[in-house]
Amino acid sequence: MTVPKIPLGEWIERGTDWLDASFGPLFDGIKSVIGGLVGFFEWVLLSGPAWLWMVLFAALAWWLGRWKFAVFTLLGLGLILNLGYWDPTMKTLAMVVTAALISVLLGVPIGILCSRSNAVQNIVTPILDFMQTMPAFVYLIPAVTFFSLGVVPGVIASVIFAIPPTIRLTNLGIRQVPGELMEAASAFGSTSLQKLVKLQLPLALPTILAGINQTIMLSLSMVVFASMIGAQGVGAVVYKAVTQVKIGEGFEAGLAIVILAIMLDRLTQNILKTKRKV
Amino acid sequence: MSVKPVIETRNATKIFGRDPQRALALLQQGWSKERILRETGMTVAVNRVSLSIGEGEIFVIMGLSGSGKSTLVRLLNRLIEPTDGEVLIHGRDIMRMDKRQLLTLRRKTISMVFQRFALFPHRTVAENVEYGLEVQGVPKKERRERARQALEMVGLADWADRMPHELSGGMQQRVGIARALAVDPDVLLMDEAFSALDPLIRREMQDELLDLQSKMQKTIVFITHDLDEALRIGDRIALMRDGAIEQIGTPEEILTRPANDYVKRFVADVDLSKVLTAAHVMIRPEMITPERGPRVALQLMRERGISNIYVVDKNKRLIGAVTAEKASQAAGEGRPLDEIIDRNVETVRPDTLLNELFEKVSNVRIPLAVTDDGGKLLGIVIRGSVLAALAGTREKEGDGP
């Protein structure tokens, strides 16, 4: 006896078709906003001379309290420039920054909602589990369906893949604020909003920043995938090198990604540390 | 105490559990707390408490842990919603207040001091003290100034810009008190405010609280599990057990006229000499004005069977004492009473504790005079009444469990 195959894939396809048909203008709007953001960051990062940005990044690293890290930033970016990957690396950075920005703008409010209601948390948590365990590749398909090829579906896929830590850690950070402090705030006649702004968010900030750090790292890990659907950047170089079996070029471009990753990770972690010191 | 009640509760009740209204009905049918817990799984935390607290009073709610005292104090500002009953602040039922009115009540009328301080760790000492004013929307400059005044009251003005974790426990709780005082509330709720401090600091804080109270006259509801603390600072004490009040009274009343066996056992180990005062053991003095002459004095002493008498002026202010021996001499020689008064007599205040009194009373030959700040003779203390009061302690110890 054969059980007929459940047409799950067919349903999904029909569903996405329907979405595309009904919300086409909305997707177009989202597309132009995200495309505009990436374009803006690219323009900013590529309009000045490379050395200016090297100095600025090193200064930022220094300001966040580590001279060793400042030296690393300078040398790392210098190497990228020397190898000739400056432009694609900056394009990748623009994409990562956009994805991270969108993740924070969406993730922190969702995290706050989760922290305020167990019902919301119970709905959101399994969705986040799903988003993180589903192979990130799969997000590229609907992203392409709705947003065609290019950098925008790459950003969308990155956001879906990278947003969970921000949501989870915002929720966790707020829930970890001791009950007695919340009670004290209530006893002095604070409104819910006052408790959120004056107590919960400041105390949860280190945890939220840890979530944002993870989100940035995850979105960086999406850059090679994103290049498969036409996103520009250093990920595209890696992808091309893989398809053409150019091991040297692949290594160089990969190294550029590693340098970028270390830089972004340390930068955000140092923000975290300076916050903790206060 | 005082006339106008600031806080009143009428049958205030709090039941924790799935269906508090059902438990409430059972409670009103006469079920006990134990039976309700056993058969329904619900907890009667506060059981029909009615009390009335006057303006400027330090009202101590005392009980062992689990007696419902911390829940009761939270019913007074609705941090916990009562299941039933009324809570009136300045005569207004706070159960009928909407959200906005309740916020105003918490912002301006009632503030709270917590057992584990509950200072906000990300704010400086001054910012902590400002908090209540900040949520009211008081402008920055004004709240800075009022926070500074509040910190000055607790002696921490120099610590305004430190973070709470840099302060010792006692100092942190002073910040907690300053934070509560900064909004200038009518009522101060202090939930085991000194319980987390070590005994010496606790003692110091109690004195400081009494000192502050003498300046500001707030209505204070003070929760404690420590009987000594309750006796030391309370104008009146409510003793709680299992969510209900066993007795409400002044420290003396609780000690000397316990309402039931539970209260009796509770206070059995108290050292009365550290609680009772001269006012409690003094008796009505025999006194005479100086114009009356030595013969009248002698006559009075003979009638009462005493060997000396206190001399006061028309306003009952103490002048000195006269012994029978000297009075009879003066009567024989025809001298006036004025010349034989011993003006160098030892006096005590009515709030002098018995343990200090005991030493004094055994060092003097005549009864100890108790006078008020204006020098008015209020009473005298004789050795026998001090001993009797102390003996009262021993009897109590004797029939305890």
Side-chain angles (χ1 to χ4, degrees), chain A residues 64-65 104 108 111-113 115-119 122 166 169-213 268-278, chain B residues 70-71 73-74 76-81 97 99-124 127-138 143 163-165 172 175-176 179-183 185 187-193 196:
Chain A
L64 285 170
V104 170
V108 171
I112 291 171
L113 283 179
S115 73
R116 302 178 88 73
S117 146
N118 285 332
N122 291 339
T166 295
L169 289 174
T170 301
N171 177 30
L172 178 73
I174 291 178
R175 283 179 186 262
Q176 275 175 341
V177 172
E180 55 185 39
L181 295 185
M182 292 300 287
E183 188 181 45
S186 299
F188 282 97
S190 316
T191 60
S192 304
L193 185 64
Q194 285 172 329
K195 278 185 264 189
L196 180 69
V197 173
K198 293 179 191 298
L199 192 63
Q200 292 175 309
L201 286 181
L203 287 178
L205 193 59
T207 315
I208 296 175
L209 285 175
I212 293 175
N213 170 274
T268 45
Q269 276 196 14
N270 284 353
I271 293 175
L272 205 76
K273 278 176 196 146
T274 9
K275 271 284 156 210
R276 284 228 173 98
K277 256 182 259 162
V278 171
Chain B
S70 282
T71 307
V73 79
R74 281 166 176 72
L76 302 181
N77 60 358
R78 265 176 74 185
L79 278 181
I80 295 177
E81 286 292 325
M97 287 184 176
K99 243 183 172 172
R100 205 71 234 172
Q101 290 168 318
L102 188 62
L103 278 187
T104 308
L105 177 87
R106 289 178 183 168
R107 286 175 178 180
K108 305 209 161 152
T109 314
I110 297 186
S111 59
M112 199 160 175
V113 181
F114 298 87
Q115 176 170 11
R116 302 198 316 122
F117 322 137
L119 298 181
F120 304 129
H122 60 299
R123 295 175 148 242
T124 64
E127 286 167 349
N128 264 283
V129 176
E130 275 175 37
Y131 186 82
L133 298 165
E134 190 179 319
V135 296
Q136 285 180 27
V138 173
R143 61 177 202 246
M163 298 308 280
H165 67 85
Q172 289 193 28
V175 176
R179 179 174 64 177
L181 291 178
V183 297
V187 177
L188 215 52
L189 305 178
M190 303 185 74
D191 181 21
E192 300 250 12

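Note on naming: letters A, B, ... go to the chains in the order of the sequence lines (proteins, then strands), and numbering restarts at 1 for each one.
The line from CD1 of A:I212 to OG1 of A:T268 is 9.0 Å long, rounded to the nearest 0.5 Å. In this structure, the separation between OG1 on B:T71 and CG on B:L79 is 11.0 Å, given to the nearest 0.5 Å.
Of the listed residues (B:Q115, B:R74, B:R116), just one forms a side-chain hydrogen bond (donor to acceptor under 3.5 Å, both in side chains) with B:D191, and that residue is B:R74.
Considering only heavy-atom pairs separated by less than 4.5 Å from chain A, the leading option among B:R123, B:Q136, B:E134 is B:E134.
Contact of B:R179 with chain A is made through backbone and side chain together, with heavy-atom distances under 4.5 Å. Contacts between B:L102 and chain A at a heavy-atom distance below 4.5 Å are absent for every atom of the residue. Using a 4.5 Å cut-off between heavy atoms, B:L105 does not touch chain A at all.
Among residues two or more places apart in sequence or in another chain, the side chain to side chain contact (heavy atoms under 4.5 Å, CB included) test is passed with A:S117 by A:A119, A:V120.
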